[in-house]
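Only one structure is covered here, and it is reproduced in the block below.
Letters A, B, ... mirror the listed sequences (proteins, then strands); counts begin at 1.
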Amino acid sequence: MDLNTLIQILDSTIRLATPLLLACLAGLFSERSGIIDIGLEGKMLIAAFFSAAIAAMVTTAESWVLLGVELTWLKDLFPAVIWGLFAGIAASMVLSGLHGLASITFRGNQLISGVALNFLASGVTVLIAQVWFSQGGRTPSLMAGGRFENITLPLAETLRGVPIIGPIYADLISGHSILVYAALLAVPLTWWVLFRTRYGLRLRAVGEAPEAVDTAGVSVVGLRYSSLVITGVLCGMAGAYLATGLQAGFVREMTAGRGYIALAALIFAKWRPWYALWACLLFGLLQAVALRYQNLDLGLFVVPVQVMDALPYILTVVILAGFVGKAIPPRAGGEPYVKER
Amino acid sequence: MDRMPAWADAVLVPLISILLAALVSALVILAIGENPVEALSLMIDGALMRSTGWGYTLYYTTNFIFTGLCVAVAFHARMFNIGGEGQAMIGGLGVALACLFIPWPHWTLALVGATVAAAAFGAAWAFVPAYLQARRGSHIVITTIMFNFIAAAVLNYVLVNILRPAGAMDPATASFPAATHLPTFQDMFATAGNPLFRGSPANITFFIAVLACVLVWLLIWRTRLGYEIRAFGHSESAARYAGISPVRITVLAMLISGGLAGLMAINTTMGEAERLVMNATEGAGFIGIAVALMGRSHPVGVFLAALLFGFLYQGGAELALWTNIPRELITVIQALVILFTGALDNMVRMPLERIFMAFGKGTR
Amino acid sequence: DPALIYDLGGKFDKSFNEAAYNGAQRWADETGGSYRDIEIQSEAQREQALRRFAEAGFNPVVTTGFAIADIMGKVAADYPDTKFVNVDGFLPEVPENVLITTFQEHQGSYLVGMLAAMASESGTVGFIGGMDIPLIRHFGCGFAQGAKAVNPDIKIVANMTGTTPAAWNDPVKGSELAKAQISQGADVIYAAAGGTGVGVLQTAADEGIYSIGVDSNQNHLHPGSVLTSMLKRVDVAVYDAMSAGEGLETGKTVTLGLAEEGVGYAVDENNESLITEEMAAAAEEAKQKIIDGEIEVVSYYANDSCPALQF
Amino acid sequence: MTDTPAIELKGISKAFGPVQANKDIAIRVMPGTIHGIIGENGAGKSTLMSILYGFYKADAGEIFIKGQRTEIPDSQAAIAAGIGMVFQHFKLVQNFTVLENVILGAEDGGLLKPSLSKARGVLKHLAQEYQLNVDPDALIENLSVGHQQRVEILKALYREADILILDEPTGVLTPAEADHLFRILEGLKAEGKTIILITHKLREIMEITDTVSVMRRGEMTATVKTAETSPEELAELMVGRKVLLRVDKKPAQPGTKILEIENLHHVDRHGVERLKGISLDVRAGEIVGIAGVSGNGQSELLHVLGGYADATGTVRVNGEEIDLTGHRSDGQSRRKRGIAHVPEDRHHEGLILQYSAWENTVFGYHHDPAIQSGPLMNNAAIRAEAQAKMDRYDVRPPDPTLAAKNFSGGNQQKIVLAREIERDPDVLLIGQPTRGVDIGAIEFIHQEIVRLRDKGKAILLVSVELDEILSLSDRIAVMFDGHIMGERLPGETDQTELGLLMAGVTDTKGKAPIEAVDASLEAQEHREAESHD
Ligand SMILES: Nc1ncnc2c1ncn2[C@@H]1O[C@H](COP(=O)(O)OP(=O)(O)OP(=O)(O)O)[C@@H](O)[C@H]1O
Ligand SMILES: Nc1ncnc2c1ncn2[C@@H]1O[C@H](COP(=O)(O)OP(=O)(O)OP(=O)(O)O)[C@@H](O)[C@H]1O
Ligand SMILES: [Mg+2]
Ligand SMILES: [Mg+2]
């Protein structure tokens with residue numbers, strides 16, 4: 001395999017890993033606070049839709065009038081794609097809030113709530129898309145301004161000529177959308193917040209022993225809701241990246257199970273930020289490899305497409321069975337907090 | 001301490017929750033510019049007011065009973081089996097092999113054979129995640145999700161490359177021989193003068209599903225194995241103390257769970273399509289999660305929840321037939337039903353408890 | 001009134017089902033008539049929709065997708081006064097009141113394969129299918145034969161998106177596949193992948209290479225980047241069936257190929273400049289030869305394999 | 001000034017549904033005193049304290065702190081009012097360090113570093129002042145219970161509490177640890193701090209408190225000066241009848257060897273050897289008590305004998321060897337061999353809390369053919385049998401359909417005892433039979449154990465209560481670090497000697513027991529920390 005192919009595969013790895021990573025970190029915050037979230041998929045999906053929908057509407061809208069108030073000046077405050085991002089984050093946070101209502105305030109079953117919200121997102125996105133755009137549950141294709149452009153890092157072109165380093169810098173490191181860099185930056189940030197700040201200490205504590213937090217005079221409910229806000233933001237970014245970064249619009253079910261893979265990555269990462277990065281990159285790599293080498297001819301026989309397609313999943317099982325062993329989740333995960341002495 | 005009579009908890013809470021879900025659904029329908037009353041009457045009319053409607057409702061119900069029981073049994077052992085979908089797919093493979101390659105003389109025998117095959121294949125597919133969980137501590141949620149994807153790939157390979165009749169376009173097996181065709185409700189109940197259930201897919205498998213409910217109830221609440229499964233689900237350390245092997249229970253519970261999911265394939269594959277198609281499960285494995293959760297993992301609850309979802313599926317199909325409401329509306333309604341009855345049930349329960357307590361104090 | 005039943009992909013899949021919708025819409029616009037339609041959601045609903053529409057007096061009942069053909073064959077006998085039409089299906093014996101329309105997709109794909117090979121500068125072209133099923137291989141096989149006819153040494157990179165129905169709706173994966181193919185040298189990519197194709201076409205446009213659409217005319221999606229679209233005139237089939245109404249001739253299978261203009265490639269204002277005169281001439285010549293039987297495009301179905309491409 | 005109470009509660013009432021946990025309670029606690037609260041299980045002690053700590057909201061009543069009427073809507077307010085609480089079940093984050101647990105909720109500023117270094121200093125200071133030594137960087141899960149409790153006290157002191165509530169603090173402590181705790185409490189009292197102590201142990205009340213309040217069925221029945229009362233009077237106030245405070249038993253009549261243990265070794269899943277060659281016999285009609293600081297292998301010994309931990313060596317029951325590994329070594333096969341087991345931890349081992357009482361009465365014996373009818377379990381028969389057992393053991397409420405979690409600790413323990421004893425086993429393994437149980441129930445449980453002995457059964461008793469060991473056992477073995485340090489007869493030894501043996505000191509003269517025990521504790525924590533790496 002030559003360097004170029006390698007770079008291409010890794011490049012593709014980064015793109016495929018980014019939504020996983022954002023969702024995985026989102027799940028990390030939620031589960032570290034003791035709220036199991038299998039609704040990552042739904043949050044990403046609804047964020048993907050609203051970011052694309054709002055970006056599309058802002059790019060085409062001439063003026064903004066809301067309830068008779070002229071708001072056009074607002075529109076020019078940010079590019080359409082940023083408005084899209086905001087909308088995506090807001091939508092994802094609404095779902096997050098619903099999840100909080102069910103699992104924190106009303107001490108409901110967190111798994112059910114997650115399942116329900118996934119269904120809700122899957123239905124609502126297409127329903128609204130149909131009512132708004134009548135394009136069969138998709139948004140119009142986004143034009144320039146409605147999408148995150150790829151960023152060329154400084155000196156990328158100048159350095160391209162340098163052997164090995166040049167192409168790696170110019171093709172692999174440079175040339176991604178801002179959200180990719182944001183996702184990568186979110187890893188050390190998450191680590192820092194979790195392990196170096198007061199908020200992180202409390203967050204980790206509330207996922208392990210909410211009664212300890214409660215008796216220490218800190219609000220369990222408040223902490224858990226705050227973690228869900230972060231989850232909402234990160235899932236919103238993940239969705240926006242799918243629809244307005246990688247793609248130019250929303251298509252029904254476009255998350256295609258990535259929320260579940262992110263959950264797998266989270267367990268694989270044992271709920272730790274740096275491990276999450278490696279886990280997501282690994283999953284991204286597996287997918288990238290499977291995408292590229294579909295007709296793998298081993299000389300003796302040809303590996304069927306189906307095997308390559310299922311390879312990331314098979315390897316996940318093998319890795320979980322062989323190397324990770326028992327992953328111990330935050331102890332209070334999944335259980336609503338009820339005061340007792 | 002119980003603050004509310006059992007009947008209120010079992011009947012009143014879900015009922016009010018469903019009403020709330022219906023109310024919000026109505027708002028959604030209004031929001032997309034349609035008439036909720038009309039929509040509901042269309043759904044009821046199509047799903048419950050004619051025998052064919054019931055034929056479809058009960059067909060879907062049958063699927064959901066099996067997948068619901070699948071999730072419920074695993075839940076009792078405190079395992080979250082998300083793999084019903086994959087287990088049902090592979091169960092379908094078992095049914096197809098049994099029907100295609102064994103020359104059955106009569107459908108009754110074929111049904112027995114297919115039942116065994118479906119359960120065995122579904123159980124086998126659940127075995128690996130169960131074993132990995134028991135022996136290696138691999139998280140069952142993740143492994144079963146992965147096994148869903150892998151099952152789809154296996155089925156795709158088998159259908160596209162092996163079982164597909166030469167020249168056929170469909171990734172599907174050949175039609176099963178006539179001797180394996182199961183009696184439908186139409187065959188069983190329609191008379192010359194009264195063409196009941198015409199063309200609807202509900203078939204004898206429904207009764208197997210009902211039987212499965214009874215058997216699961218007996219298993220969980222009347223047998224030693226069920227006693228051990230529940231004990232293990234409540235407390236692994238106590239189970240160890242009592243001499244209940246965690247490995248054995250994990251594996252057995254998952255085998256039963258997977259077997260139940262596999263049985264669903266009899267309904268779709270042998271009963272309805274009479275051949276194995278690619279997407280025979282259609283997400284019923286996931287609906288099963290909602291059904292089990294709503295049904296509180298109790299067979300009676302599972303049956304009722306399955307019926308509700310069967311109604312939603314069939315009513316939704318009718319809605320799509322006669323109105324311009326996008327089919328995703330049904331997904332939204334399902335989501336709301338799950339949300340209100342499953343996750344937000346305390347929103348109803350808490351005020352109800354307060355009301356009951358106020359009354360209780362008065363009479364005491 | 002006529003009724004129309006779409007296959008699982010849904011009405012607005014930008015290709016196959018949408019073509020049927022366009023045909024019905026054209027009929028409605030031209031005649032002022034109205035029709036009823038439904039998107040199938042589950043396997044069991046196929047029979048249900050057929051029966052309910054037939055019982056309600058809709059005529060003809062038009063359906064798309066091969067999956068419903070079998071059931072239609074059985075149901076039709078119960079409603080002798082209703083005419084049933086299916087696009088894409090196959091029945092060994094076609095009942096009196098059923099019409100089946102199929103297309104020679106491999107022929108159309110052959111032509112776009114030629115165009116792709118001629119437009120390619122790198123000597124590599126790509127094919128991206130949706131879910132891995134024989135029908136999609138059938139498309140890819142025709143495409144490969146066409147490309148090889150122009151340039152026997154051409155490299156054809158073929159990928160399927162997946163093995164589950166999610167493969168029809170994963171534009172992100174489509175996009176990655178396109179990028180992977182581009183890095184393998186492909187500079188023209190033919191997407192036969194439903195919603196996933198949207199991602200392929202988008203990426204081709206972003207990366208400045210050519211793409212080829214499928215079923216409907218998708219040239220307008222990215223003018224200047226979509227080289228052409230392999231047309232499958234499902235719209236015509238639907239339009240014709242609805243126009244004929246109760247007088248529709250049934251009891252047979254009609255196969256529409258190049259000769260009947262049932263398949264072809266799209267040239268419009270969006271891609272005029274991309275198709276040079278030589279390209280057009282070569283394609284037209286091949287088309288004539290296929291019609292005349294001088295060129296035989298092998299169907300994947302003939303023996304479940306493709307002479308020009310290994311899946 | 002001095003007659004302003006540190007705490008005064010007036011008319012506190014609290015109901016949980018139909019249960020009136022606190023009824024119109026009034027209590028005054030003077031500053032600089034240790035105030036004891038006693039009462040039966042479920043009397044409402046914990047509830048009252050939870051109200052004071054802002055955990056529950058009282059339905060009615062007023063709270064005065066240092067004469068000041070104070071609303072305590074949440075724990076934050078309680079902390080602000082200078083109240084600290086050490087709960088019966090510790091509220092610690094297991095995988096945090098001591099330091100992290102101490103600062104949790106009381107951090108200075110948004111970043112951890114300054115808080116941590118400040119706390120380190122304060123902890124050092126507190127350790128010196130009150131003998132509260134704990135390694136600030138140790139993980140809680142590696143600490144002994146006694147040290148975990150110190151962390152709880154440190155938490156309260158770090159928040160500058162001057163009123164400290166301790167709910168059954170000695171329930172899980174060894175006598176030496178308890179003594180140490182009391183010295184700490186006395187030190188705190190000397191500093192002018194006010195302490196409320198909930199306990200079931202009258203010895204402790206008499207030893208350390210200045211005043212004592214008695215609660216019964218949600219009401220405060222009496223408050224007396226400790227100096228002016230006696231254990232007998234307190235017991236009667238508590239239970240409402242005369243209670244026998246010592247075990248009434250005849251001398252043992254040991255028979256043949258029923259349980260023979262030879263050279264038993266056990267290695268846990270972290271690879272640490274927990275049993276290092278145990279040899280011990282128990283004869284018919286004899287109670288052998290095993291004393292020891294928890295964590296020295298007693299639990300493992302019970303687990304091995306009970307069949308849920310593997311071991312090497314030889315164990316014979318009635319002369320026949322039993323399997324110690326493999327699939328024939330589990331709880332069920334042990335029961336078939338006549339070994340019954342009352343586990344140390346009724347919540348995590350002895351009972352399925354969600355199961356009804358009747359289901360729990362066959363737990364572990366559910367394979368017994370006598371309760372099967374065909375392939376099914378004969379639930380009606382089990383229920384009837386359960387009712388009979390519950391009546392015999394005076395389990396309250398006598399309702400077999402009630403879930404086990406709804407019984408108080410003492411009654412839960414009775415259910416377990418009924419199940420194991422009524423099987424008429426040859427050998428009874430029994431761990432911590434009276435942990436967290438009130439004196440009324442203790443009396444009954446002790447009587448049952450002695451009754452079984454007198455029927456000629458072999459009983460192996462493990463308890464951290466030296467009182468219990470001394471009064472129940474016919475022979476005492478002391479365990480330390482996986483070894484049996486020696487055997488003594490109850491009449492010929494005392495708490496001090498046993499305490500030294502428990503600390504691994506075989507030369508029983510010289511060292512003061514508490515230091516020795518403390519040293520052994522530290523050594524043990526060290527071992528555990530290593531095994532966790
Ligand atoms: N959270 C709760 N919900 C319902 N009832 C409760 C709750 N907590 C306590 N109770 C009831 O209040 C009564 C008093 O309980 P409390 O725990 O205060 O007793 P206690 O004196 O601390 O008992 P113990 O000596 O066993 O610790 C109990 O009988 C119980 O029924
Ligand atoms: N959440 C609750 N709901 C109902 N009753 C409760 C609850 N918590 C405690 N109780 C009741 O409170 C009483 C005392 O409970 P508590 O937990 O203090 O028991 P305990 O005797 O202290 O047991 P242990 O010391 O073994 O934990 C019991 O009767 C129990 O039924
Ligand atoms: Mg208490
Ligand atoms: Mg207690």
Side-chain angles (χ1 to χ4, degrees), chain B residues 1-6 8-9 75-78 134-135 137 214-249 251 296-298 349-350 352-364, chain D residues 15-19 21 302-303 306-309 327-336 339 341-355 359-360 362-369 371-380 382 397 401-406 416 419 429 431:
Chain B
M1 289 291 123
D2 300 329
R3 293 151 188 221
M4 210 163 40
D9 197 52
F75 260 144
H76 280 292
R78 188 164 289 186
R135 285 279 181 213
V214 176
L215 290 179
V216 166
W217 181 80
L218 281 174
L219 169 79
I220 296 292
W221 277 281
R222 284 290 178 274
T223 66
R224 273 168 293 175
L225 180 60
Y227 181 91
E228 296 193 342
I229 287 177
R230 283 181 298 135
F232 174 77
H234 288 310
S235 168
E236 186 174 340
S237 53
R240 245 180 244 277
Y241 155 81
I244 298 168
S245 154
V247 173
R248 178 173 160 268
I249 293 297
V251 170
R296 299 283 183 266
S297 297
H298 192 287
R349 185 172 290 114
M350 285 173 179
L352 261 188
E353 274 176 356
R354 236 166 280 146
I355 292 172
F356 270 97
M357 239 145 70
F359 275 103
K361 278 221 175 94
T363 55
R364 206 173 294 259
Chain D
F16 293 106
V19 180
L302 287 182
H303 290 180
Y308 51 113
H327 71 279
R328 269 189 306 182
S329 166
D330 63 12
Q332 318 238 337
S333 42
R334 291 291 196 278
R335 290 181 179 89
K336 282 197 199 108
I339 303 179
H341 180 187
V342 176
E344 294 180 299
D345 185 337
R346 52 183 171 260
H347 285 170
H348 292 111
E349 292 176 350
L351 293 167
I352 297 289
L353 293 175
Q354 293 86 344
Y355 272 6
E359 280 175 301
N360 269 304
V362 293
F363 189 52
Y365 298 98
H366 52 278
H367 281 282
D368 186 349
I371 55 164
Q372 315 293 331
S373 62
L376 305 181
M377 288 173 76
N378 189 348
N379 287 353
I382 301 171
T401 59
L402 211 59
K405 64 173 179 215
N406 289 327
V416 179
R419 176 180 76 211
L429 311 170

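Note: B:Ser237 OG to D:His347 NE2 = 11.5 Å, rounded to the nearest 0.5 Å. Rounding to the nearest 0.5 Å places OG of B:Ser235 at 9.5 Å from CG of D:Leu351. Rounded to the nearest 0.5 angstrom, D:Ile352 CD1 and B:Tyr227 OH are separated by 7.5 Å.
For D:His348, the NE2 atom is loosely surrounded, since the number of other residues' heavy atoms within 6.0 Å does not exceed 12.
Electrostatic pairing of D:Glu349 and B:Arg240 does not count as a salt bridge here, judged by no charged N lying under 4.0 Å from a carboxylate O.
Listed here is the closest heavy atom pair of D:Phe363 and B:Ala242: CZ-CB, 3.5 Å.
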Stepwise side-chain contact (heavy atoms from CB on, under 4.5 Å) check, D:Met377 with B:Trp221: CA-CA 9 Å; D:Met377 288 173 76; B:Trp221 277 281; over 6 Å; no

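Comparing D:Gly306, D:Pro343, D:Gly350 by heavy-atom pairs within less than 4.5 Å of chain B, the highest count is held by D:Pro343.
At a 4.5 Å heavy-atom cutoff, D:His327 makes no contact with chain B through either its backbone or its side chain. Proximity to chain B is absent for every atom of D:Leu353, based on heavy atoms less than 4.5 angstrom apart. No part of D:His303 comes within reach of chain B, as not one of its non-hydrogen atoms sits under 4.5 angstrom from that chain. D:Glu359 touches chain B through backbone and side chain together, each having a heavy atom under 4.5 Å away. Heavy atoms of D:Arg334 lying under 4.5 Å from chain B are absent altogether.
For B:Arg248, the side chain to side chain donor-acceptor pair (under 3.5 Å) partners are B:Glu228, not counting sequence neighbours.
With B:Tyr241 as the aromatic partner, D:Arg335 meets the cation-pi criteria of under 6.0 angstrom to the ring centre and within 45 degrees of the ring axis.
Side-chain atoms of D:His366 and B:Ile244, non-hydrogen and from C-beta on, do get closer than 4.5 Å to each other.
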